[in-house]
Amino acid sequence: MVTDPGLLESGSAPAHAAVVVRGAPAEQLARTSPVPMSRPPTPAAPVLAAPTRSEARSAPLWSWWATARRALPWRETRDPWEVLVAEMMLTQTQVARVVPRYRSFLERFPDPASAAVAGPGAVLAAWVGLGYNRRALQLQRTAVRVVEEHGGVLPRDPSQLERLPGVGAYLARAVAVFAFEADLGVVDTNVGRLLARAVVGRPLRRREAQVLADQLVPRGKGWAWNQAMLDLGALVCRRRSPHCNACPWQADCRWAGSGPDPAAGSFAVGARQAPFAGSDRQGRGRLVRAAAAAGPAGIAAADLARVAGWPDDPTRAERVAAGLVEEGLLAWTPAGTLALPVPAGPGRELPRGASAPR
DNA sequence: AAGGCGGGGAC
DNA sequence: GTCCCAGCCTT
């Protein structure tokens with residue numbers, strides 16, 4: 001008998017019998033639209049071609065996952081805010097870099113209300129070092145919106161989640177699946193790579209990938225299935241040098257690790273990015289980090305160029321600093337120094353129009 | 001469709 | 001050194 005870790009993890013998962021094959025054949029995926037937010041009606045006929053059948057893939061995946069699964073702190077919760085914080089931190093950031101920062105951030109901001117009240121500067125100060133500092137601002141703005149429009153509780157509908165600042169298609173579904181245990185497929189870089197390589201053996205368009213991911217989810221096991229898929233992509237079907245010998249889908253893989261990588265150019269699979277060293281991004285990061293370290297006093301204008309890493313190019317430093325101010329990541333103080341947008345620390349008032357936290 | 005956005009670990 | 005990561009947003 002195949003063990004089913006999903007039933008151990010997912011309190012609401014029904015103890016049902018067999019995985020049911022649903023959905024449309026792979027050849028029809030492209031014209032299935034729009035992406036359904038819930039399971040479409042079960043069609044009469046068996047549909048997915050043999051290599052893409054969910055049933056053939058679920059048993060090996062569960063067996064593999066029972067021993068290979070990663071123990072990660074955000075897998076211990078179903079709180080939607082805690083899930084959102086994890087997913088926001090994990091955006092383009094490796095798991096190993098998020099783990100040591102996750103719990104300490106949640107201790108400081110245990111719910112949307114606390115982040116809304118604290119203000120952008122405080123959230124940013126707790127974020128510095130994780131990278132992509134805009135995410136901290138977006139998370140804080142989302143917290144304000146959740147307090148103002150949703151009574152301080154994140155909505156469970158992906159389409160509503162997606163309207164929140166910084167919450168796109170992936171994050172909305174990730175919250176729906178990992179907090180509310182929806183039976184949807186999440187497509188990040190790991191899953192996107194896995195689908196392209198193992199399931200279809202060719203690059204996938206956005207909608208194809210999303211529909212296919214949805215169809216593979218065994219009913220009632222969305223949480224465990226997606227966590228297992230992420231683990232399989234991250235640990236076995238890696239971007240470089242995949243461990244095909246250790247893969248539970250080796251017998252059914254449409255690629256098998258030789259020849260051109262079908263994941264190249266497929267949806268959610270990252271493209272090359274510009275060099276970081278010497279970029280504006282690098283200077284921006286230095287300025288925000290230095291502002292966080294300087295506290296309310298801020299960075300003296302005379303130090304900007306040196307702090308940004310361009311001692312011989314103050315014009316560039318000022319331009320980049322102006323951009324950070326424009327985006328709300330930094331602010332000029334009355335003294336003419338550059339600081340985080342609001343004083344970090346307790347005792348701030350709520351933004352005008354915000355309701356009191358519960 | 002393409003480019004900007006952090007930073008650190010793997011190679 | 002280069003590459004890439006539980007993406008999102010703007011142009």
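Chain A is the first sequence line, chain B the second, and so forth, proteins listed ahead of strands; every chain is numbered from 1. It should be emphasised that the depicted structure is a prediction, and the values quoted were computed from it without experimental measurement.
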Give the B/S/- string for nucleotides 2-11 of chain B, one per nucleotide from 5' to 3', where a protein heavy atom under 4.0 Å of the base yields B, of only the sugar-phosphate yields S, and otherwise -. --BBBBB---
Give me each pair satisfying salt bridge (charged side-chain N to carboxylate O under 4.0 Å, His left out) with a member in residues 95-107 of chain A, each pair once, sequence neighbours excluded. A/Glu82-A/Arg103
Pairs flagged by salt bridge (charged side-chain N to carboxylate O under 4.0 Å, His left out) wherever residues 223-250 of chain A is involved - sequence neighbours left out: A/Arg70-A/Asp231, A/Arg75-A/Asp231
With sugar-phosphate meaning primed atoms plus P, OP1 and OP2, does A/Val167 contact a base, only sugar-phosphate, or nothing at under 4.0 Å between heavy atoms? sugar-phosphate
Using a cut-off of 4.0 Å on non-hydrogen atoms, how would the nucleic acid contact of A/Leu84 be classed: base, sugar-phosphate, or nothing? nothing
Side chains of A/Trp64 and A/Leu235 in contact at under 4.5 Å (non-hydrogen atoms): yes
Indicate, with a heavy-atom threshold strictly under 4.0 Å, whether A/Arg193 touches base, sugar-phosphate, or nothing. sugar-phosphate
The residue, A/Val95 or A/Pro165, whose nearest nucleotide of DNA chain C is more 5′ is A/Val95
Quantified in whole Å, what is the P atom distance between nucleotide B/dG3 and nucleotide C/dA6? 23 Å
Where chain A begins and ends its contact with DNA chain C, read 5' to 3' at 4.0 Å from heavy atoms: C/dC3 to C/dC9
At under 4.0 Å between heavy atoms, what does A/Pro275 touch on the DNA or RNA strands: base, sugar-phosphate, or nothing? nothing
Does the Lys NZ or Arg CZ of A/Arg197 fall within the cation-pi geometry relative to A/Trp249 - under 6.0 Å from the ring centre and within 45° of the axis? no
Would you indicate whether the side-chain heavy atoms of A/Arg281 and A/Gln273 approach each other to under 4.5 Å? yes
With the side chain counted from C-beta on, respond yes when A/Ser266 and A/Arg193 share a heavy-atom pair under 4.5 Å apart, and no when they do not. no
Which pairs of donor and acceptor atoms, one on a side chain in residues 301-310 of chain A, lie under 3.5 Å apart (sequence neighbours left out)?
none

According to side chain to side chain contact (heavy atoms under 4.5 Å, CB included), who are the partners of A/Ala136, at least two apart in sequence or on a separate chain? A/Val123, A/Leu124, A/Trp127
Regarding A/Ala268, tell me which of base, sugar-phosphate or nothing describes its non-hydrogen contacts under 4.0 Å with the strands shown. nothing
Please determine whether salt bridge (Lys or Arg N to Asp or Glu O under 4.0 Å) holds for the pair A/Arg316 and A/Asp280, giving the CA-CA distance in whole Å, both sets of side-chain angles, and the decisive distance to 0.1 Å. CA-CA 9 Å; A/Arg316 185 183 189 188; A/Asp280 281 4; 2.9 Å; yes
By nearest-heavy-atom nucleotide on DNA chain C, the more 5' of A/Glu87 and A/Gly166 is A/Glu87
Rounding to the closest angstrom, what is the interatomic distance between B/dG6 and C/dT10 at atom P? 14 Å
